[in-house]
Structures are given as structure tokens and as C-alpha cells.
Trainee: 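To start, I am sharing the structure in question, which I have written as C-alpha cells.
As the structure lists them, so they are numbered: ligands from 1, and atoms in each ligand from 1. Positions are given from 1, in the same order as the sequence printed here. Model, not experiment: these values are computed from the prediction.
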Amino acid sequence: MHDTNDYLSLFFEPIREYLEDDTVSEILINGAAQIYIERKGRLELTPQRFISEPALKAAAVNVAKSVGRLLNEENPRLDARLPDGSRVHAVIPPLARNGTVIAIRKFTKERLTIEQLITFGSITPEGARLIDTCVKLHRNMIVSGATSSGKTSVLNVLSAYIPDNERILVIEDSSELQLQQNHIVGFETRKPDKNGNGEVTIRDLIHSSLRLRPDRLVIGEIRGGEALDLLQALNTGHAGSMSTIHANNPHDCLFRIETCALLSGIDIPLSALRAQVASAIDVVVHTARLTDGSRKIVAISEVLGLKDGEYQLNDLYAFKIKGISPAGMITGNFAGCGKHPSFLEEAGLMGITLDPEIFEAG
Ligand SMILES: Nc1ncnc2c1ncn2[C@@H]1O[C@H](COP(=O)(O)OP(=O)(O)OP(=O)(O)O)[C@@H](O)[C@H]1O
Ligand SMILES: [Mg+2]
């Protein structure tokens with residue numbers, strides 16, 4: 001087998017420098033003549049181009065081949081992971097109007113640490129302490145946010161707070177998390193082969209995991225019916241589990257979980273489902289990529305349950321935008337929201353000191 005870089009550069013000569021440049025996080029190809037990259041959260045148009053649409057399409061088809069899949073008239077979309085862990089999504093014409101469209105999310109060997117997030121101004125030490133406390137107290141946590149807002153990075157940080165003496169089962173579509181504890185059992189889903197056989201889904205792996213005596217489940221991302229399996233797992237034990245979901249704010253996160261659970265095809269009345277979500281999920285950590293390109297943990301919210309059929313959420317700690325500097329940078333600060341977490345006392349009993357002052361409205 002080729003070394004990944006050799007192999008990639010063979011088909012992707014025009015973007016080789018970006019594949020090799022660790023400061024580039026994404027490469028976006030919109031047909032042969034337009035290539036954007038993302039650096040430090042900002043998009044830049046590059047001067048590079050592929051020599052022709054057939055050359056670009058051939059590159060995409062070869063990526064598909066290399067992972068044992070097809071990209072053709074009949075299968076015009078490809079979701080793949082390269083051997084180095086980078087994620088590729090490609091769509092070919094006529095579905096893609098610009099010519100072949102490819103997005104490459106580069107695999108970052110180094111996962112961000114909480115110290116780095118603090119240095120970047122993505123969270124404060126107080127916010128980090130609150131997150132640590134939620135993990136140590138076995139709260140079930142969901143990291144929500146838009147595409148590329150930093151959910152997986154934050155999930156990785158959350159999981160790093162899990163004590164070393166617990167058995168952690170990790171389930172992912174493509175392995176991105178890097179847990180450092182001793183007792184980790186990791187699983188990865190499998191796409192169906194060319195004939196549509198052999199698929200293993202997150203749902204299947206949750207079922208297996210529950211028979212493998214997990215203390216905690218860490219699930220890369222909830223996108224569909226597996227939400228229901230996760231809710232049922234959480235409501236029957238396994239406290240302290242965590243996952244991510246695509247959502248616009250903490251409230252929306254809970255609705256998204258409902259919607260995904262409904263995709264399971266299992267008939268369950270909405271009121272019952274809502275009760276399951278409210279009791280399964282304890283804390284939502286919401287991430288965002290702001291207009292200046294910075295990524296932040298913009299809210300840490302506690303789910304208090306249901307009242308008159310509506311979710312009750314308390315923001316505990318949040319980033320408040322004050323304005324935009326002339327250079328286009330967002331200014332603001334992290335502060336409490338005037339509500340104490342319900343687990344303040346429990347934290348004290350466990351020997352974790354949380355300064356109540358950080359929750360005062362700022
Ligand atoms: N706080 C941060 N500061 C700077 N860069 C960050 C931060 N968080 C994440 N990143 C970078 O942003 C990119 C996207 O992060 P990540 O994969 O965690 O996002 P995501 O929300 O999980 O994306 P997706 O929706 O595709 O799953 C990565 O290159 C990551 O290294
Ligand atoms: Mg992710």
C-alpha cells in the first residue's frame with residue numbers, strides 16, 4: 001500500500017501543499033477552477049486549480065476506489081475516510097453544478113487539549129472546571145453546535161476528564177477521538193460494500209456495547225435513529241455518557257435528539273419521547289464558530305426536566321458578545337447567568353469545589 005501522502009499527492013497534485021500544511025484544516029474544491037482552504041477558522045481562495053474537470057473527477061474516483069467504494073453515475077456521492085484519518089466528501093456532476101465538488105477535513109494528529117482551548121480564549125479556566133465537574137459527577141452530556149464548530153474537539157476534551165478507573169466504550173463513524181485512559185474499548189462503524197451488504201451502524205454498536213459492561217459510553221455523533229438507543233441506554237444506567245449533535249443552540253439540541261430518535265422508526269408518542277430526553281440528558285455544552293473565525297464554547301446549560309411538556313434549561317455559563325472590533329474581531333466575555341447548578345452541593349460532597357461566584361450574572 002502507498003504511503004498516504006504519496007498516494008494523495010498522486011491524484012491531488014494541485015492541493016498537495018495544503019495536504020502537507022498542518023495549518024490548513026479544510027480543503028474545499030468547487031470544480032477544477034476554484035479551491036478554497038480553511039486556516040485558523042477563515043476561508044481563503046487559493047490560486048491553485050486542477051487542469052481539467054476530468055482530472056479532478058478522476059482524483060475523486062480514485063479516492064473512492066482506494067477505500068473500496070464506487071463513485072459513478074449510479075453512486076454520485078462519496079463519504080470516505082482516507083487512511084490518514086482525513087474525511088472526504090465528494091459529489092460529481094450533474095448533481096454538483098460546479099463540476100466535481102470535494103471537501104477534505106484534514107485529520108489533525110493532535111487533538112486540542114483544554115489548556116489549548118483556554119489559551120485560544122475558547123473557554124475560561126472556570127468554564128473548564130464546570131465541565132470537569134459535570135464529567136466527574138457522571139452527568140450525561142451532549143456537545144451541540146453547527147458543522148465544524150468544534151464539537152468533536154470539545155467531546156475529546158470532555159472525555160479526557162473521565163477518571164482512569166472506568167471502563168469506557170467509544171463508538172464512532174470514523175475514529176477521531178483520542179482518549180488517553182487505560183481502559184478504552186473502541187468501535188468503528190462500517191459502511192455497506194458495493195453490493196449493499198455488511199453495514200454495521202452506530203445502533204448495532206450501541207447494542208453490542210451494552211452487553212460489554214460499559215461504565216460510560218462515548219458516541220462520536222448522533223445523526224439518526226441511534227438517538228433512541230442512546231436515550232434508552234442512558235435511562236437504564238451508564239451515567240456519565242457523552243456524544244455530539246448538530247444543533248443551533250442548547251434548546252434546539254434537545255429537539256434535534258427527539259427528531260433523530262423518531263428516525264429510529266420505533267413508534268413512540270412524542271410526550272413519552274420528550275420525557276426520555278429530559279431525563280436522559282443532563283448538560284448541553286454548545287459550541288460555535290463566530291464570524292471572526294474563532295471557535296468557542298458559547299454555553300454550558302443544565303437540563304432540569306420538563307414543565308408543562310416543555311424542556312426546562314438553565315444556562316449556567318455562557319459567552320456574551322459585546323461587539324465587534326474595527327478589525328472584525330468579536331469582543332465579549334464569559335460569565336455566569338445568575339443560576340446555580342443543581343449539583344453544586346453534590347459537587348461539594350464529592351470534594352469538588354465550585355466557586356458559586358462564577359455563576360453570578362456578568
Ligand atoms: N476552540 C478551537 N479553536 C481553534 N480551532 C478549533 C477549536 N475547536 C476546533 N478547532 C478546529 O476546528 C476544526 C473543526 O473542529 P471539529 O472537528 O472539532 O468540529 P466539529 O463540530 O466536530 O465538525 P463536524 O461538524 O464536521 O463534525 C478542526 O480543525 C479543529 O482542530
Ligand atoms: Mg465532529
Trainee: For the ring pair Phe255 and Tyr311, is the centre-to-centre distance below 6.0 Å?
Mentor: yes
Trainee: Counting only nitrogen or oxygen atoms and a 3.5 angstrom limit, does Lys296 reach ligand 1?
Mentor: no
Trainee: Taking only heavy atoms of Thr147 into account, list the atoms of ligand 1 that are under 4.0 Å away from them.
Mentor: 25 (O)
Trainee: Nearest heavy atom to atom 17 (O) of ligand 1: which of Glu38, Arg87, Lys151, Arg105 does it belong to?
Mentor: Arg105
Trainee: Within the structure, does Gly150 bring an N/O atom to less than 3.5 angstrom of an N/O atom in ligand 1?
Mentor: yes
Trainee: With respect to the Mg ion (ligand 2), please indicate if Thr152 possesses an N, O or S atom at a distance under 2.8 Å.
Mentor: yes
Trainee: Indicate yes or no: does Arg105 engage Glu26 in a salt bridge with an N to O separation below 4.0 Å.
Mentor: yes
Trainee: For atom 14 (C) of ligand 1, grab the closest protein heavy atom and report residue, atom and distance to one decimal in Å.
Mentor: Ser148 OG, 3.8 Å
Trainee: So, Arg289 and Glu38, do they make that salt bridge, N to O below 4.0 Å?
Mentor: yes
Trainee: Taking non-hydrogen atoms only, is Leu117 closer than 4.0 angstrom to ligand 1 via side chain, backbone, both or neither?
Mentor: side chain
Trainee: Note the single closest protein heavy atom to atom 4 (C) of ligand 1, along with its residue, its atom name and the distance in Å.
Mentor: Phe120 CD1, 3.8 Å
Trainee: Where on Ser153 is there a heavy atom closer than 4.0 Å to ligand 1, on the side chain, on the backbone, on both, or on neither?
Mentor: both
Trainee: Any chance CZ of Arg77 has more than 12 other-residue heavy atoms, nucleotides or ligands included, within less than 6.0 Å?
Mentor: no
Trainee: Less than 3.5 Å apart, any donor N or O on the side chain of Glu345 or His340 sitting next to an acceptor on the other?
Mentor: no
Trainee: If you count heavy atoms of other groups shown closer than 6.0 angstrom to NZ of Lys57, is the number above 12?
Mentor: no
Trainee: List the closest protein heavy-atom neighbour of atom 12 (O) of ligand 1: residue, atom name, distance to the nearest 0.1 Å.
Mentor: Arg295 CZ, 3.0 Å
Trainee: Please write down residue, atom name and distance for the protein heavy atom closest to atom 1 (N) of ligand 1.
Mentor: Ser122 OG, 2.8 Å
Trainee: Decide, yes or no, whether a salt bridge links Arg39 with Glu44 under the criterion of side-chain N to carboxylate O below 4.0 Å.
Mentor: yes
Trainee: So, for atom 9 (C) of ligand 1, does the protein have a heavy atom nearer than 4.0 Å?
Mentor: yes
Trainee: What do you reckon, does Ser25 have a nitrogen or oxygen under 3.5 Å from a nitrogen or oxygen of ligand 1?
Mentor: no
Trainee: Give me the atom names and distance for the closest heavy-atom approach of Ile219 to Leu230.
Mentor: CD1-CD1, 3.5 Å
Trainee: Taking only heavy atoms of Leu112 into account, list the atoms of ligand 1 that are under 4.0 Å away from them.
Mentor: 2 (C), 6 (C), 7 (C), 8 (N), 9 (C), 10 (N)
Trainee: Looking at Arg167 and Asp215, does any basic side-chain N land under 4.0 Å from a carboxylate oxygen?
Mentor: no
Trainee: Would you check the N or O atoms of Glu176, main chain and side chain alike, for any that come under 3.5 Å of an N or O of ligand 1?
Mentor: no
Trainee: Using a 4.0 Å cut-off to any heavy atom of Ala146, which atoms of ligand 1 qualify?
Mentor: 21 (O)
Trainee: Between ligand 1 and Gly145, can you find any atom pair, the residue atom being a heavy atom, that is separated by under 4.0 Å?
Mentor: no
Trainee: Using a cut-off of 6.0 Å, state whether more than 12 heavy atoms not belonging to Lys339 lie near its atom NZ.
Mentor: no
Trainee: Looking at Ile51, I want to see if its CD1 is surrounded by more than 12 non-hydrogen atoms of other residues, nucleotides or ligands under 6.0 Å.
Mentor: no
